[in-house]
Amino acid sequence: MAVVTILPSNKTITVDAGTLLSAAIIAAGEPLKLKCEGKGECDTCHVFVHEGRKSLSKLQRKENEQLDTIVGVGSKSRLACQATIGDENVTVELLGFSSGL
Ligand code: FES
């Protein structure tokens with residue numbers, strides 16, 4: 001189990017290990033858009049991970065390549081639809097922008 005804290009709303013949700021980060025964010029009631037339906041092919045689920053990055057599944061090549069196409073990407077960036085939560089608590093920031101697809 002891990003607690004996911006979502007900024008800027010500060011909502012929290014407790015989820016089982018293995019839960020997709022995007023699913024946790026949506027389950028917490030946040031309006032996360034999944035324009036490509038979670039295929040890792042857009043940027044609508046781009047979040048910054050402030051705490052618990054090591055709890056998340058490793059960045060895979062496809063996600064890394066997609067992140068490279070996103071303006072404003074940083075070392076804390078993840079695509080929420082591609083990251084699975086582990087056992088440690090995670091704090092993420094929703095970025096609230098999208099360039100569309
Ligand atoms: S929903 Fe498109 S990359 Fe995550």
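This one's a predicted model, so the numbers in the text were calculated from it and none came from an experiment. Start at 1 and go down the list; that is how both ligands and their atoms are numbered.
The nearest pair of heavy atoms linking Thr69 to Glu65 is CG2-O, 3.5 Å. Pairing each heavy atom of Lys35 with each of Thr44, the nearest pair is N-OG1, 3.0 Å. Between Leu21 and Ala80, the closest heavy-atom pair is CB-O, 3.4 Å. Minimum interatomic distance between Asp87 and Ser55 (heavy atoms only, all atoms of both residues): N-OG, 3.6 Å.
Atoms of ligand 1 found under 4.0 Å from any heavy atom of Leu34 (numbered from 1 in listed order, with element): 1 (S). Near Gly38, with a cut-off below 4.0 Å to any heavy atom, the atoms of ligand 1 are 1 (S). Counting the atoms of ligand 1 from 1 in the order shown, those under 4.0 Å from a heavy atom of Cys45 are 1 (S), 3 (S), 4 (Fe). Which parts of ligand 1 touch Gly40 is read off a 4.0 Å heavy-atom cut-off, strictly below it: atoms 3 (S). Residue Cys81 approaches ligand 1 through these ligand atoms, each under 4.0 Å from one of its heavy atoms: 1 (S), 3 (S), 4 (Fe).
For atom 2 (Fe) of ligand 1, the set of nearby N, O or S atoms under 2.8 Å includes one belonging to Cys36. At least one N/O/S atom of Cys42, whether from backbone or side chain, sits less than 2.8 Å from atom 2 (Fe) of ligand 1.
Proximity of a side-chain donor or acceptor of Arg78 to a complementary backbone N or O of Leu67 within less than 3.5 Å is not detected. Although no hydrogens or angles enter the test, the distance criterion places a donor-acceptor pair under 3.5 Å between the side chain of Gln82 and the main chain of Gly38.
Residue-level proximity to ligand 1 for Glu41 is carried by the backbone, the only part with a heavy atom below 4.0 angstrom.
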